[in-house]
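Have a look at the structure below, then the notes.
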Amino acid sequence: MDFNLLISNFLNPPILFFFLGLAAVFVKSDLEIPAPIPKILSLYLLFAIGYKGGVGLAAGGLQTQIVVVLVAAVVMATFVPLYAFFVLRRKLPVADAAAIAATYGSISAVTFITAAALLEKLGIAYGGYMVAAMALMESPAIIVAVLLYRLSSVDRSGAAFSWRELCRAAFFNGSVFLIMGSLVIGALSGDAGAKTLKPFTNDIFAGGLCFFLLDMGIVAAKRLGDLRRAGAFLTAFAILLPLINAALAIPLAYVWGLSQGDAFMFTILCASASYIAVPAAMRLSIPEANPSLYVPMSLAITFPFNIIAGMSLYLAIINYFWS
Amino acid sequence: MDFNLLISNFLNPPILFFFLGLAAVFVKSDLEIPAPIPKILSLYLLFAIGYKGGVGLAAGGLQTQIVVVLVAAVVMATFVPLYAFFVLRRKLPVADAAAIAATYGSISAVTFITAAALLEKLGIAYGGYMVAAMALMESPAIIVAVLLYRLSSVDRSGAAFSWRELCRAAFFNGSVFLIMGSLVIGALSGDAGAKTLKPFTNDIFAGGLCFFLLDMGIVAAKRLGDLRRAGAFLTAFAILLPLINAALAIPLAYVWGLSQGDAFMFTILCASASYIAVPAAMRLSIPEANPSLYVPMSLAITFPFNIIAGMSLYLAIINYFWS
Amino acid sequence: MDFNLLISNFLNPPILFFFLGLAAVFVKSDLEIPAPIPKILSLYLLFAIGYKGGVGLAAGGLQTQIVVVLVAAVVMATFVPLYAFFVLRRKLPVADAAAIAATYGSISAVTFITAAALLEKLGIAYGGYMVAAMALMESPAIIVAVLLYRLSSVDRSGAAFSWRELCRAAFFNGSVFLIMGSLVIGALSGDAGAKTLKPFTNDIFAGGLCFFLLDMGIVAAKRLGDLRRAGAFLTAFAILLPLINAALAIPLAYVWGLSQGDAFMFTILCASASYIAVPAAMRLSIPEANPSLYVPMSLAITFPFNIIAGMSLYLAIINYFWS
Amino acid sequence: MMPVKKIEIIINEIGLLKVLKLLDAAGVSGYTVIKNTTGKGERGLRGGDELTGVFTNSYVMTACPPEKVTAVVESLRPTLKQRGGVCLVSDAQWLIH
Amino acid sequence: MMPVKKIEIIINEIGLLKVLKLLDAAGVSGYTVIKNTTGKGERGLRGGDELTGVFTNSYVMTACPPEKVTAVVESLRPTLKQRGGVCLVSDAQWLIH
Amino acid sequence: MMPVKKIEIIINEIGLLKVLKLLDAAGVSGYTVIKNTTGKGERGLRGGDELTGVFTNSYVMTACPPEKVTAVVESLRPTLKQRGGVCLVSDAQWLIH
Ligand SMILES: Nc1ncnc2c1ncn2[C@@H]1O[C@H](COP(=O)(O)O)[C@@H](O)[C@H]1O
Ligand SMILES: Nc1ncnc2c1ncn2[C@@H]1O[C@H](COP(=O)(O)O)[C@@H](O)[C@H]1O
Ligand SMILES: Nc1ncnc2c1ncn2[C@@H]1O[C@H](COP(=O)(O)O)[C@@H](O)[C@H]1O
Ligand code: NA
Ligand code: NA
Ligand code: NA
């Protein structure tokens, strides 16, 4: 594993601001990013990443490579929550198992963005369609998890199951809708649009990301306490699952002939866990599940693990096989 | 009517984000821009447009052309609410007639901005003083409407009429004050100021506008339901009035010798209706008027009508006569 | 005193927006920057100034000059609250005397930023380590004031004194922590980081500052009324103290051989008074002190005095001696 | 502990200043304001629209001695009639400190 | 003045829409909502996390005639059981305007 | 339904953490917090100044069994005396779910 890579990644301002957020909580500073700023920062990041992805998609045209990537994305996003559910079910009630499975089957846009920043720094290219892949990977896990939950549990609420509501929670929840919409708009609005929006979507992006990660550091540190309740099993799960998912994704990417950059981004997507779209959807569709488990697992363990160690590890492995 | 113009306008990111906002509500997505972000975005847009206008004004110097435009602006902003009131009075109570008349006599800064983006895309110039004209057109309709209301209604509240409060509501309400102030500061602070502020007022402007229009789309769609209460008469009014105002503005602009760009911006100002400054002022000065009428009319009908169809139509006509 | 300097400083957009904020309150406009935007703007300014300072610090390397400046900073930040306390104690209760002393011993980041903008306009350089000096000057006054308060007052609350809590309030309060953290990150993340963040930390900075000063103008004008309670003694104090502190700082800077730009920034730091970090710390540690005294003094008198007259005056004197 | 009456008022944000002036005039000793609340009443749904501010409410609470209640609510009545809104009065105990 | 019952509900923000629908269905004449509140209860501390929205509460208040109270609270009970939250009922006087 | 006492506290935002600690120490089962409220009291007008945070209040509400009230309010009294603020106690019914 390339040590320079680790250091170079580590000294990225966004990562450092994540640590600053952690540190703020540890020294009991009263630093906080007041509501609703974290919300609007996350909308901004989704807007920018979606729009840039759309522009990239339009520039690239539709090729077989893209179709392969998108199919791979949907396959992994459906398979991961399935196997995760059956692992988790051995130790946890149905509702919690389903919600955690959904969390790990879906993706984290900020992990994706941080990975993209690393690639850019290293001068490795990846396709604009990876953003489309990311958008496609947000929802399937939600659907799978809710179905598993309905099938495995005696319904206590007596409420009729509504496919309509499920699809709405999966495909039209705010985050998914905004990234999809921005992607389409980016693809439609062409070069002129991309040029006018560049200062907003590209130039100030790193700054927005730093602030967002500062807040994520604060929130992650605050949620660390919840992990005691989660226990050793879930803590280990939150580190092992990204590793297993990466171990599945890398060979698949190799077999399917993805480029080095695409393979890395695909791996990151599989290894990352959601902490915005899925928690909101789970709270709505599986209210019995305990958010004090699935939120801190993804936010306070998996996310930092991925950006600190995971990312460099996956990239080192990919570098080894692809070169 | 130039079809390419329509398409080109339509594929502008801000317009597309307006539609994305509409779509979010139609598919029942929970996407929303949390308060107070829409407020601060609108302050930002007023700040930027005012400042840029001031810079343009200072660059241009004071010529007869400018005086003509400013006089024309005040004349139209006084005349429109007058005639609108008497039309509306046939069907509506005094308070509602006055408030709607004020709404249509005043202007919409975001319509102005969207029109400016279209001109820029097409490479047509317009004078910086048009922003001054816009600022001047915000208040007269408020004064006219409140006077009409006081003259036509038996005062139920028993409150003494205060010119002081009226002028404050008309000239010093937040939106009007900020755009006027920024205009003056833009004019005073010269080239050096303009250069330092350019990244903020110009470069990221398109991005701020996209977000704002996303929110406007959401709000407009949510307010559409109110229109059922408004009925066919007011719905028709909300489309016909911009057309009539444009039909008045274009010949006037022609006779007064405005340039093509100025004529278009003047027409847009006359055709647009307020949904920020005037509603706030009406709520204060004519609390009996029902905001569920005047807000959705201007926001959910006139605004989209102008940016989708109106703008292209007015420009096509102006192109025809000016060339 | 150079009159052109005064005018040129005065016509800076940020200063003009401060006046616009004052004017908004005087004409009773309802213009306001809704919470939590002022908070996030202040976090942004601290982030940007800290980060830029860190980058400058890393670029400069550690020289004796820097050590001198930093020592001078701590000395003045400890001495000012001491002498101020004994002056104030003649007229005021212990708690208020201590809180006001802390206010004037600490610094105002926005005054610093405005001064930096003036230097930039005039093409005078100053060291990136001045930001480190600023960060160092925030806390000592808080410690000194709380100690003076504990020593001079019979403790009514019966609460045990906690050094731990005091240090937390002094060194880890949100503002101090963020500027320090950003400084370290700026120093660590090097050229690549600085380049990616430049559009965010530098280019749009002036715009953020304008908005912030607009809000400060509004708040300052609203707090002016409180000054009647403060009376003539404190009003005079709020103008005399910056002058005395500048009169102490300039000779010191001269003797210690600071460059012209550094001397000016050092003077500004000594002459400025805190209105964010210190009030929050005082509210926590000396709750008996009346914030309606120390906040309006620093915000509504000292701050405007410094940016309107003080800054030009100090610079004129420094120009005279250094050239 | 001292028995007081708690008066809660929900009023359109644009009418807030008016209500606070009336409270001051009626001589209450203090009040607490929560801005940016939304709601639904006779005049339809409010909220979901932070753009115009026209549909946003404020919540005002004041605790006052029972003998002042009539004066306070009577002074508020015309404004509530004109602008809409709600005023509730209930019993509470004030912790004297 | 008219005697009413004040019903106060604290519910996770994501369950807010559900509660408002239930109130509408139970025929209350209006309600007031305060978003973005935080708190602590059986389900642990909420707040300090505006990122996911999952730990944020909303506060809903409705004043209704005493005879409606049972219908309203009974319709809320299952939702509160499932999603957590609090419902308090108290007495108040409504100022008729 | 269970009879409870509703305790409402208005406290300067910077003192909020202190109050919550006291509530926890007094053994209340939960509470709800509304931040960013403004107001006016003995110590003058608050709000209109989001800059320093020094003039902003928080509103805290906790419902607890009547027998706990004395313990809770007594533990709050010194803090309120020192920092200002208001504490109101009233009666309510808690919906058991
Ligand atoms: N029954 C009620 N209970 C609680 N709040 C109400 C009630 N009726 C109205 N409101 C509030 O008062 C505001 C104005 O009501 P109205 O004047 O009836 O439209 C609404 O937007 C609600 O926030
Ligand atoms: N005793 C209480 N008093 C006031 N609010 C409470 C109380 N218990 C719970 N809450 C509020 O209700 C929310 C959900 O409570 P729970 O379902 O018990 O986790 C909490 O986050 C608090 O905001
Ligand atoms: N009579 C009152 N009714 C309601 N709230 C009050 C009252 N008096 C004070 N407050 C609130 O308590 C805060 C602190 O009050 P004080 O300590 O008296 O300055 C004020 O800012 C108000 O928000
Ligand atoms: Na995943
Ligand atoms: Na018009
Ligand atoms: Na100082």
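Just so you know, these numbers come straight off a predicted model, no measurement behind them. The sequence lines fix the lettering, A, B, ..., with proteins before strands; numbering per chain opens at 1.
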Side chain to side chain, [X] and [Y], heavy atoms closer than 4.5 Å:
X: F/Asp24; Y: E/Lys40; answer: yes
X: F/Gln93; Y: F/Pro3; answer: yes
X: E/Lys35; Y: E/Leu16; answer: yes
X: E/Val60; Y: E/Thr62; answer: no
X: F/Met1; Y: F/Ile96; answer: no

Exercise for review: Against chain F, label E/Leu88 side chain, backbone, both or neither, depending on which of its atoms sit under 4.5 Å from a heavy atom there.
Suggested key: both
Practice item. Heavy-atom distances under 4.5 Å only: say whether E/Lys6 touches chain F with side chain, backbone, both or neither. Key: side chain
Check your understanding: Among E/Arg77, E/Lys5, E/Glu8, who wins on heavy-atom pairs under 4.5 Å with chain F?
Key -> E/Arg77
Exercise for review: Please look at F/Met61 and chain E and tell me whether the side chain, the backbone, both or neither of the residue comes under 4.5 angstrom of a heavy atom of that chain.
Suggested key: side chain
Point to revise | Under 4.5 Å from any heavy atom of chain E - which part of F/Val4 | key: side chain
